[in-house]
K.L.:
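Pasting a structure here, questions to come.
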There are 2 protein chains.
Amino acid sequence: MSPLSTKEKIKLAAKKLISELGYKSASVRKIASDVGIRESALYNHYTNKEEIFLDILQDIFASPFSTSTQNVKEDALKGKLFLHRFVTQYKLVSFDKESEILFRILLLEIFSNKGLRERFFEDFHNKNIKVLSEAFFIMMQNNLIRSSDPMTMSYEFISTLFYIRFQITLLRFDSISTTNLSTQFEKHVDFFWEGIKV
Amino acid sequence: MSPLSTKEKIKLAAKKLISELGYKSASVRKIASDVGIRESALYNHYTNKEEIFLDILQDIFASPFSTSTQNVKEDALKGKLFLHRFVTQYKLVSFDKESEILFRILLLEIFSNKGLRERFFEDFHNKNIKVLSEAFFIMMQNNLIRSSDPMTMSYEFISTLFYIRFQITLLRFDSISTTNLSTQFEKHVDFFWEGIKV
DNA sequence: ATTTTATATGAACATTTGTTAATATAAGCT
DNA sequence: AGCTTATATTAACAAATGTTCATATAAAAT
């Protein structure tokens, strides 16, 4: 691992501070101090505070899901296994330290930033709904699951994932154990599958 | 309706501003200005800014669910109707203007306030899980639904409600129509019931 | 009517904030 | 070597913040 450039250090420190205090309270001085430089030196790397935030925003939506959305058509035929894989991917992201910080920033700033709201619906919701709907549709065609509206089914499926992730994010912020919630992911797949399998 | 006292006006203005800007950005001056007084006058009613916030916090957890948690033992026997009633109550709160504002404050400040986090788990999660678990348990005993872990079932049930409410809160912040999400509540009951009914 | 009490104002305060300017220092290039 | 460029520091700024104090004003109590 190559040593971080000052700009990268700034971004890293800003991420951490914003995820703990929010954008407004994560002052330029605190960020610079964490990096080990003065506030003024920071302006050699970013033109202003907002630009640091915009840089961080890009990371939030740098999808770690890209690989899992490939062969839906084939994988969907595997029924429950498909759901299991999808959830495993979701779980992995939920427990990833970096993703956790970015998710917290998303939650913290979602009401202060319209673009954030729009991208939440697009990247966190619609994208998942699309993949899942396609999979559920195929499962229905192949009589693996009961017939129902694929969109509704997808909505039901991801809502629980979001809720678990939300709770994980809260608990980890207080360093509270999340082992219960970890198993909740598997319970979700089991319970859900029992309810839709034919 | 009796005219509001200055203290009540301050609380009201603070609620609105905090729910839109967050605690940090909702300055004492903005609050006072909205009320129509100077900042200094505000301190005749509250000793400091935090006290206003603490006053508002109490409203967040002034449960509007208290009535619905009464005759669970009887109502649970009605099966799907029980769930429908539960969701109707939840839906009512989700679309209530005052509750919407308070819920937004909860989401905005949940990472800045440990007490808020704890009470979220207690009032928004555990309390619901408890009522639902009891109901599902009774439904299982009476063979209305398939046998499963009542806690898991409850978790699955409320997670979707939370997700819908979260999305409603986001959309209404931008004055975007929520009719789709309104029907999502009913779809949830229908879909869920199909998956658990025996 | 006079005194007391509650609530308003205006001005000021000490901090904290984002940002900039002048200047020093160290690294890279010719 | 000297010159250029990148990046650091110190100092200062204007604006915004929470809060306080002396004082005015209007309502309530005697």
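Order of the sequence lines fixes the chain letters, A, B, ..., with proteins taken first and strands second; residue numbering starts at 1 for each chain.
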K.L.:
Students often mix this up, so state it plainly: with edges at 30° and 60°, are the rings of B:F162 and A:F166 parallel, tilted or perpendicular?
P.N.:
tilted
K.L.:
How many Å lie between CD1 on A:I37 and P on D:dT9, as a whole number?
P.N.:
7 Å
K.L.:
Rounded to whole Å, please give me the gap between CD1 in A:I10 and P in C:dT19.
P.N.:
13 Å
K.L.:
Would you tabulate the side-chain donor-acceptor contacts of residues 27-38 of chain B under 3.5 Å, counting partners in other chains and residues two or more places apart, or write 'none'?
P.N.:
unit_1	atom_1	unit_2	atom_2	d
B:S27	OG	B:K30	N	3.2
B:K30	NZ	B:S25	O	3.1

K.L.:
Hey, can you pull the residues of residues 27-34 of chain B with a non-hydrogen atom under 4.0 angstrom from DNA chain D?
P.N.:
B:S27, B:V28, B:R29, B:K30
K.L.:
Establish, for the pair B:R165 and B:F103, whether the NZ or CZ atom is under 6.0 angstrom from the six-membered ring centre and no further than 45 degrees off its axis.
P.N.:
yes
K.L.:
Does a side-chain N or O of B:S40 approach OP1 or OP2 of D:dT19 to a distance below 4.0 Å, or not?
P.N.:
no
K.L.:
A:E39 side chain: which of D:dA12, D:dT19, C:dT9 is closest?
P.N.:
D:dA12
K.L.:
Report the distance from atom NZ of B:K49 to atom P of D:dT19, rounded to the nearest whole Å.
P.N.:
8 Å
K.L.:
Take the protein atom CD of B:E51 and the nucleotide atom P of D:dT19, then report the distance between them rounded to whole Å.
P.N.:
10 Å
K.L.:
Examine C:dT7: is either OP1 or OP2 under 4.0 Å from a nitrogen or oxygen in the side chain of B:T6? Give yes or no.
P.N.:
no
K.L.:
Which nucleotide wins on minimum distance to the side chain of B:Y43, given the candidates D:dT20, D:dT9, C:dT19?
P.N.:
D:dT20
K.L.:
Within this structure, what is the CG-to-P distance between B:N44 and D:dA27, rounded to whole angstrom?
P.N.:
16 Å
K.L.:
Aromatic rings B:F192 and B:F157: how do their planes relate, parallel, tilted or perpendicular, breaks at 30° and 60°?
P.N.:
perpendicular
K.L.:
Think B:H45 has a side-chain N or O under 4.0 angstrom from the OP1 or OP2 of C:dA6?
P.N.:
no
K.L.:
Heavy-atom nearest nucleotide on DNA chain D for A:L42 versus B:N48: which residue maps closer to 5'?
P.N.:
A:L42
K.L.:
Check the orientation of B:H125 and B:F121. Use parallel for under 30°, tilted for 30 to 60°, and perpendicular for over 60°.
P.N.:
perpendicular
K.L.:
Could you tell me the separation between the CG atom of A:L21 and the P atom of C:dT16, rounded to a whole number of Å?
P.N.:
15 Å
K.L.:
Is there a donor-acceptor pair closer than 3.5 Å between any side-chain N or O of B:K15 and the backbone N or O of B:E98?
P.N.:
no
K.L.:
Starting at atom NZ of A:K7, determine the distance to atom P of D:dA6, rounded to an integer number of angstrom.
P.N.:
13 Å
K.L.:
Quick one: which residue pairs count as a salt bridge (Lys or Arg N to Asp or Glu O under 4.0 Å) with a foot in residues 185-197 of chain A, not counting sequence neighbours?
P.N.:
A:K80-A:D190, A:K91-A:E186, A:E194-A:K197
K.L.:
Rounded to the Å, how far apart are A:I52 CD1 and C:dT19 C1'?
P.N.:
12 Å
